[in-house]
Peer 1: 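The structure that follows is given in the form of structure tokens.
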Amino acid sequence: MESSVISRLSQSKFINLILIGALVCSILSLILFGVVGIGRLSEFSYDYGILYKAGRDWLNNTNPYLNESDNIFAYPPNFSFFLVPLALLNFGMSKYCMALLNIISILSIVWISCLTIVKNSPDNSRLKCLLLASFIIGNPFTTHNVWMGQTSLVLLASLMGAWHLSHQNRWLLSGILLGISSFKPQLAILLFVWFLLERNWKILVTSLVTFFLMSYYPLLTQGPVEMMRLWIDDGLGSYLTVDVNVLGSQHVVGLASMLNAAGIDVPSLKIVGVVLTAILWVFRKRFNSYDILGILFGISLTFVSGHDYDYICLIPLITSLLIYTKDRSNLWVWLPSLIFLLIVPQRFVRVLSIPVLNHWRTLIVVTLSVLVLLSSLSYLRAEETDEGLVFQGGK
């Protein structure tokens, strides 16, 4: 049973009013700092400008992957499904449509996260859902994604939906959402590997069909071979050479980037991420199913690839830890401490001019992932022990 103190707090009308107030404040924070832009020096949706230009290029039947500046477009051709319709609007209206898409994604993330909590931790679920919703909406990664017009929120909502629906045997919708998520392959790849290991061909085939259906515009105007060649040669080829995208950059996350910033030249560790995913799959019955997606995100952000705004994808890990507070009250100390360290503004660390310190969040991701792994193992062991005692008593 969860700590009696937490149980009493969850029943307090005063505490519930504070939590509702926190949720309102997080919404106001998102509006003021993520849309209005109080204290921002850049323009609203400045990253989205690159995406909008790519959509215009597709409409004009030109190559969206050719750019002489550092603002390289490298999304796969299925992202044209979003960009071509948005490019039909003027930029002023289009960027607010992108903001609306991000807000819909935030609501979806909150909804799926709360469903997971209610199902697996019904005691004090109201308190936990209010806490988590406030964090999802008001944390700086969400705010930054909305302000920049970035796509990590859409990616997270798609993958969470694909995972959630796959466990309800709704393979068609799950496959469609998995196919949508492929517009950020560096973050979606491990879930594809997972379904491949499970030999879940229905979801995988549906996702492949979804990819090509979403790529309808470049398919019609460029053809399948040229479409993929342009993306791989001009898009990815240019993207990986830009300074802000190379290992060691303060905006590139993961262990390899941290080591490169420390002066230790290491190759890409993507294969390590795939191997760890395979090991996790082999021992999958020792973990709760709702923990798997969060752990895969932890592996991705440590060994595969990502940028600092992609830390929003840690929401499933944080959700799991909130669930486990029902059995491990010490997590009420660990979780706020780690979240505080996670959201410390990078500019406060950057002034020290020590490159490797700019990657402190990699250690936080590893810690969160290990905590979820250990909590999941301990929970299932306790369940097995309880079942054994009940069985012996029944005899």
Side-chain angles (χ1 to χ4, degrees), residues 42 46-48 50-51 65 67 69-76 79 139-145 147-156 159 181-190 231-232 234-274 276-277 296-315 317 341-369:
S42 56
Y46 62 93
D47 261 16
Y48 175 66
I50 302 170
L51 307 183
Y65 300 108
N67 198 321
S69 69
D70 287 343
N71 297 325
I72 302 298
F73 175 75
Y75 283 80
F79 203 52
N139 79 83
F141 304 115
T142 295
T143 303
H144 205 45
N145 270 279
W147 176 255
M148 292 189 300
Q150 263 294 342
T151 59
S152 298
L153 289 163
V154 182
L155 177 281
L156 177 59
L159 284 179
S181 73
S182 63
F183 70 80
K184 272 203 167 188
Q186 71 274 26
L187 290 173
I189 185 63
L190 293 188
W231 171 47
I232 295 171
D234 298 335
L236 293 179
S238 300
Y239 181 81
L240 296 174
T241 62
V242 178
D243 289 343
V244 295
N245 298 323
V246 299
L247 294 178
S249 166
Q250 63 189 13
H251 298 298
V252 176
V253 307
L255 186 60
S257 189
M258 184 179 74
L259 292 173
N260 272 269
I264 304 172
D265 190 17
V266 296
S268 169
L269 299 176
K270 292 180 176 61
I271 188 63
V272 176
V274 174
L276 288 175
T277 299
L296 291 178
F297 274 128
I299 295 173
S300 289
L301 293 171
T302 304
F303 296 103
V304 182
S305 184
H307 283 78
D308 43 10
Y309 46 76
D310 292 323
Y311 280 128
I312 190 62
C313 293
L314 295 175
I315 294 298
L317 276 177
L341 292 173
L342 186 69
I343 65 176
V344 169
Q346 196 179 54
R347 61 179 177 273
F348 294 158
V349 180
R350 202 180 300 145
V351 296
L352 299 174
S353 299
I354 304 176
V356 69
L357 289 184
N358 294 330
H359 297 267
W360 85 95
R361 288 175 176 143
T362 294
L363 302 179
I364 304 301
V365 174
V366 172
T367 304
L368 287 169
S369 302

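As the structure is a prediction and not an experimental result, all values here were calculated from the model.
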Peer 1: To the nearest 0.5 angstrom, please state how far the CG atom of Asp234 sits from the CZ atom of Phe73.
Peer 2: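 Asp234 CG to Phe73 CZ: 12.5 Å, rounded to 0.5 Å.
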Peer 1: For Ser152 and Ile312, work out which heavy atoms get closest and say how close.
Peer 2: CB-CG2, 3.8 Å
Peer 1: Measuring from atom CG of Leu301 to atom CG of Leu190, what distance do you get when rounded to the nearest 0.5 angstrom?
Peer 2: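 Interatomic distance, Leu301 CG to Leu190 CG, rounded to 0.5 Å: 9.5 Å.
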Peer 1: Please determine whether ring pair (Phe, Tyr, Trp, His ring centres under 6.0 Å) holds for the pair Tyr309 and Phe141, giving the CA-CA distance in whole Å, both sets of side-chain angles, and the decisive distance to 0.1 Å.
Peer 2: CA-CA 5 Å; Tyr309 46 76; Phe141 304 115; 9.6 Å; no
Peer 1: Ignoring hydrogens and angles, tell me if any N or O in the side chain of Arg350 forms a donor-acceptor pair with the backbone of Pro345 under 3.5 Å.
Peer 2: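 No, because the side chain of Arg350 does not come within donor-acceptor range (under 3.5 Å) of the backbone of Pro345.
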Peer 1: Side-chain contact test, heavy atoms from C-beta onward, threshold under 4.5 Å: evaluate it for Val356 versus Met258 and give yes or no.
Peer 2: yes
Peer 1: Measure the shortest side-chain to side-chain distance between Tyr311 and Ile364 over non-hydrogen atoms and say whether it is less than 4.5 angstrom.
Peer 2: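 They are not in contact (no side-chain heavy atoms under 4.5 Å apart), so the answer is no.
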Peer 1: Any chance you could measure Thr151, atom OG1, to Tyr75, atom OH, to the nearest 0.5 Å?
Peer 2: 2.5 Å
Peer 1: How long is the gap from CG on Asn139 to CD1 on Ile315, to the nearest 0.5 Å?
Peer 2: 5.5 Å
Peer 1: Taking His307's backbone N and O only, do any of them form a donor-acceptor pair with Asp310's side chain (distance below 3.5 Å, no angle check)?
Peer 2: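 A pair under 3.5 Å: yes.
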Peer 1: I want to check something: taking the side chain as every heavy atom from C-beta on, are Leu317 and Ser369 in contact at a cut-off of under 4.5 Å?
Peer 2: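 Yes - at least one pair of side-chain heavy atoms lies under 4.5 Å apart.
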Peer 1: Would you check if the side chain of Gln346 reaches a backbone N or O of Gln250 as a donor-acceptor pair within less than 3.5 Å?
Peer 2: yes
Peer 1: Would you mind reporting whether Lys270 and Phe303 have side-chain heavy atoms less than 4.5 Å apart?
Peer 2: no
Peer 1: Does the Thr302 side chain pair with the main chain of Gly298, one donor and one acceptor, at a distance under 3.5 Å?
Peer 2: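 Such a contact is found between Thr302 side chain and Gly298 backbone.
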Peer 1: Of the non-hydrogen atoms in Ser257 and His359, which two are nearest, and what is the gap between them?
Peer 2: OG-CE1, 3.1 Å
Peer 1: Of all heavy-atom pairs between Leu155 and Phe183, which one has the smallest distance, and what is that distance?
Peer 2: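 Smallest interatomic distance, heavy atoms only, reads N-CZ, 3.7 Å.
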Peer 1: Considering non-hydrogen atoms only, spot the tightest contact between Gly273 and Val304 and give its length.
Peer 2: CA-CG2, 4.4 Å
Peer 1: When rounded to the nearest 0.5 angstrom, what distance separates NE2 in His144 from CG in Asp308?
Peer 2: 6.5 Å
Peer 1: List the atom of Leu187, the atom of Cys313, and the distance in Å for their closest heavy-atom pair.
Peer 2: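 So the minimum-distance heavy-atom pair works out to CD1-SG, 4.3 Å.
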Peer 1: If I compare all heavy atoms of Pro76 with all of Tyr65, which pair ends up nearest, and what's the gap?
Peer 2: C-OH, 3.6 Å
Peer 1: Rounded at 0.5 Å granularity, tell me how far CD in Gln150 sits from CG in Leu51.
Peer 2: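 Rounded to the nearest 0.5 Å, the CD-CG separation comes to 6.5 Å.
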Peer 1: A side-chain contact here means heavy atoms from C-beta on lying under 4.5 Å apart; do Val246 and Val252 qualify?
Peer 2: no
